[in-house]
Each structure stands twice: as structure tokens, then as C-alpha cells.
**Q** 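After the C-alpha cells below, expect a handful of questions from me.
Numbering of residues begins at 1 and proceeds along the displayed sequence. Note that ligands are numbered from 1 as they come in the structure, with each ligand's atoms numbered from 1 the same way.
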Amino acid sequence: MMTATMKPVSRVLRLGCVLAFCFQVLVPYGLPRAWGLDNGLAMTPTMGWLHWERFMCNVNCQEEPDSCISEKLFLQIAEIMASDGWKDVGYEYICIDDCWMAPERDSKGRLQADPKRFPGGIHRLADYVHSKGLKLGIYADVGNKTCAGFPGSFGYYDIDAQTFADWGVDLLKFDGCYCDSIQHLAEGYKQMSLALNRTGRSIVYSCEWPLYVWPIFKPNYTEIREYCNHWRNFADIYDSWESIRKTLDWTSSNQKIIVPVAGPGGWNDPDMLVIGNFGLSRDQQITQMALWAIMAAPLLMSNDLRHISPEAKALLQDKDVIAINQDRLGKQGYWLRKEDNFEMWERPLLNLAWAVAIVNLQEIGGPRSYTISVTSLGRGLACNPNCLITELLPEKRKLGIYEWTSTLKTQINPTGTVLLRLETTSSAQFSHSVVSDFL
Ligand code: GLA
């Protein structure tokens, strides 16, 4: 703590401190991140809603008019996103996934929406979505067919990019099914990125490129980041704890490869938030929300916003957790360690703050306690010499000031998570302002 009697530090000494501090702070995070797709979009992870996990490829509007893939669904969800607080907390993109298309292209080779299910067409839907202050996402595929068998974009990249731009689309999810070679896959993802750029419209480009490359070789993430705003790495998410756990396991096992490449403009995408559906307990929903914030993941909900419990809604709209996800430092968090079936993750945030998540992976018994030694957090820097710790999940409460050598005891339900935010106290902020002077 700087007191009134302390003398200002001399410039030379300050520089010495700064260099030592920079070394401590900057070196552990590695080299400057890779150059990314320069379309000015996704400077923080994309937030919105995507139909796939909840509504899949339901085209039976006769029998299930409320849950089939039709313009009615998107009009209703857009209306709710604008009126029920979703837009206010940042959920902006309402995204159509597979199965929106008619089975054939039109006479000019353009994709067209299924005329029965989207009688107004995509252009009108986009206008409506825009009138609500939201943005519209759409889906296509780099290969000969989409994963559900609708027309693919192979050979039509420019036409399709222009069609989407003409309609007023703001995001493209580009899948990788039915591509006949890994060369075509890579070329296709690149060509579509360039084609979207040439339209002159700002269109977020959401790829699945690495997911389809992994079975053959390790993807070149530097290259992927140059062309995509986010990219799926791992299998489709399901509405189950097993699926969440596998996604987290994959991410931690591959973090050396995927974490350094994430940053403003380009993000790893662990797939949709399934909070508010059927398969996750309250604690598991908390775990998904907390860890998607730590992973700087796009927050694309796939649920039915027309029928969602107040608890799920409050969790998805939690501004403090969203603030971690959207943190402007733009660094993805990482897995720290596993001990006694507790897993710890942490993420550096702006202003030398940190987010820490502790997951209780034990699926038997009741709440278990875990004691964290504060020195171990934030690469030893988070609470040096002390910090203010706030619990954000499962409940928001200030835990108080913790000294560097102190410990913090938590109680965590099976498959649940405690999410903490650690903030520097004034003396640490002093060091930060000294650093900022010189950077
Ligand atoms: C793939 C994708 C999913 C979804 C479906 C649609 O499986 O990974 O996210 O888009 O295709 O068919």
C-alpha cells in the first residue's frame, strides 16, 4: 500500500521495476499472438442464439409448427431476444443452422430458403431481425452438401457470399461435411473468407475447419486465424454432462496448441450453450456458463427462449460472468491443475484481474470443500501482495481481501463450479499504472 509518507520512486528505479515486472507479467503468456482475420469483427467472443442443438433438423411444420425450422421460429426468438433482456446483456446474433434451404438452387444458381417454411424469404427475415436491433446468422457448407444433405457451396463460394450479403446476413457458420479432400476443405474455407470480404458487408465468419482436419493432422491454427473469426475444434455439443465434460477435457488436453492462438478477432469455439434445456442439472449449467467464460468462448445459446426457467435465464444473463467472457484483454483462460478430483482453471483479465474456476468433478456424494492457496493463483501475481475476491457463481458475494500467503476455502456441489473474480488492491494498481506509463 502506498502511504502519504512514501517517496516517489526515481525514474531509473522505476524503469528497473518496470522491466522486472514486465518480465514477470508478459513472459509467461508467450509471444505476441498470431495475426488474425482483419475484418474488424468479433473483437470479443460472439454472443447470440443458434438453433441447432435444441431444434436440429426438424422440418415437420405440419405436426410441430412451433419447433420446426421455419421463419416463425426465428421471428419469435428475435422478438424475445429484443424484449426479454437478452439483447441488453449482449446476445446479438440470431443464427439459423442447417436445414433452412430448399433442396435445389434457383435458376441462377443461388441458394434459396425452403419456400414453405420461409415464405417471406431470408431478406425479409433479416430486415425484421435488424429492426429489433439484432443481427442475423446463416449456415452453409464448404463441400458438396450440408451435413443434413442440403445444397453445399462447393463451386459456388462467390455466388453464395454475394447472396448472403444481398440478403443482409451478418454471420455465416460454414460447416465442413461432404468435402472430397483436405485440400478442397482448406481452399474452400479460405475462398469463402475472401469471397465474404469482397462483398464489402461485415459478416462474422464462423468455421468448423479444424474439427475436420484433426482426424488427419494437427491443424495450422495460425492460418485458420487469418481466415476465420471463430472455429470449432471438437465434436458437436449435446444436452448432457458427458458432452460438457468431454469438451472441457479436450480443451485442457490441447490447450498448448489452441489457447495461444485465441484473441480479439479469432476465438476457439467449444460449441453452443445448452443451458435452459433438459440434460444439465443446475450445477452443471453453472459449470458450463463459468467455463465458457474462462475459455473466451462464443456464447451462442441453443435453447427455447420462449420457454425457459427464471434460473436458467438469470444464469445466462449474469452480467458479471458475461463480463469475464467478454473481457477486453482477450486472452483465453486455461486449465491449471487437477487435484483430488477438483479441476482449477484461470483466465487473465484486464487491469491485472483474474477469473478462477474450480470444478468439483466427483459425481458421487455431496458438496466437498477445497482449499486454495492464494499464492498459486494468477501465476503467483493475482494476489501479490493482496487482492479482493468476489464469488460470482453459484452466488454473487464479496469474499473480502486476501493476502498473498492466505488460503481460501470453497464448498462445491458435485459437477458444480465456483467462479471467482480476483481484483488487485490499490498497491498492485500502482504497479500497473507504472507499467502502463512505459508500455
Ligand atoms: C454439424 C455441425 C453442427 C450442426 C450440424 C448441422 O454436425 O458440427 O454444429 O451445424 O452439422 O447438420
Side-chain angles (χ1 to χ4, degrees), residues 45-60 67-70 73-74 77 93-103 111 113-114 117-118 122 136-154 160 164 169-180 182 184-186 188-189 192 203-216 219 224 228-240 242-244 246-247 250-251 254 258 267-275 277 279 288 292 295 297-304:
T46 303
M47 290 178 68
W49 183 92
L50 175 62
H51 94 238
W52 185 256
E53 194 287 325
R54 178 63 188 255
F55 295 98
M56 302 185 69
C57 192
N58 184 352
V59 292
N60 187 353
S67 51
C68 67
I69 306 313
S70 70
L73 175 67
F74 296 95
I77 298 287
Y93 289 81
I94 171 161
C95 303
I96 309 172
D97 206 288
D98 206 347
C99 306
W100 62 272
M101 296 173 197
L111 289 171
D114 184 282
R117 293 181 287 118
F118 291 84
I122 304 295
L136 184 70
I138 208 160
Y139 168 100
D141 189 286
V142 71
N144 295 308
K145 283 191 267 180
T146 73
C147 297
F150 290 85
S153 295
F154 185 73
D160 290 354
F164 299 145
V169 163
D170 307 290
L171 177 149
L172 172 65
K173 171 173 172 177
F174 209 37
D175 212 335
C177 276
Y178 297 105
C179 202
D180 53 14
I182 203 77
H184 277 161
L185 184 92
Y189 271 105
M192 187 49 119
I203 301 178
V204 172
Y205 188 38
S206 167
C207 300
E208 299 207 30
W209 182 359
L211 168 64
Y212 290 89
V213 172
W214 270 111
I216 304 163
I224 289 167
C228 302
N229 290 121
H230 24 99
W231 47 84
R232 284 273 310 283
N233 294 311
F234 184 63
D236 291 2
I237 202 119
Y238 277 56
D239 187 14
S240 74
E242 192 196 3
S243 173
I244 303 292
K246 280 189 179 158
T247 305
W250 188 91
T251 304
N254 292 283
I258 64 166
W267 309 98
N268 290 294
D269 178 5
D271 213 357
M272 294 157 272
L273 291 169
V274 293
I275 296 165
N277 291 323
Q288 188 181 32
W292 263 235
M295 292 189 291
L299 297 182
L300 293 168
M301 306 176 283
S302 195
N303 49 18
D304 190 344

**Q** Walk me through whether His51 and Phe74 qualify under ring pair (Phe, Tyr, Trp, His ring centres under 6.0 Å).
**A** CA-CA 9 Å; His51 94 238; Phe74 296 95; 5.8 Å; yes

**Q** At a 4.0 angstrom heavy-atom cut-off, what protein residues surround ligand 1?
**A**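 Correct list: Trp52, Asp97, Asp98, Tyr139, Cys147, Ala148, Lys173, Asp175, Glu208, Arg232, Asp236.
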
**Q** Run the side-chain contact (heavy atoms from CB on, under 4.5 Å) test against Leu73 and tell me which residues pass, sequence neighbours left out.
**A**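 Testing Leu73 for side-chain contact (heavy atoms from CB on, under 4.5 Å), a comparison that skips the adjacent residues, returns Trp49, Phe55, Ile69, Ser70, Ile77, Arg306.
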
**Q** Does some side-chain heavy atom of Leu136 sit less than 4.5 Å from a side-chain heavy atom of Ile96?
**A** yes

**Q** Between Trp250, Phe234, Trp292, which is the residue that forms a side-chain contact (heavy atoms from CB on, under 4.5 Å) with Pro270?
**A** Trp292

**Q** Could you give the distance from SG (Cys95) to CE (Met272), rounded to the nearest 0.5 Å?
**A**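 With rounding to 0.5 Å, SG (Cys95) is 10.5 Å from CE (Met272).
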
**Q** Check each of Leu172, Leu171, Asp97 against Tyr139 using the side-chain contact (heavy atoms from CB on, under 4.5 Å) test, and report the only one that passes.
**A**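 Exactly one pass, corresponding to Asp97.
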
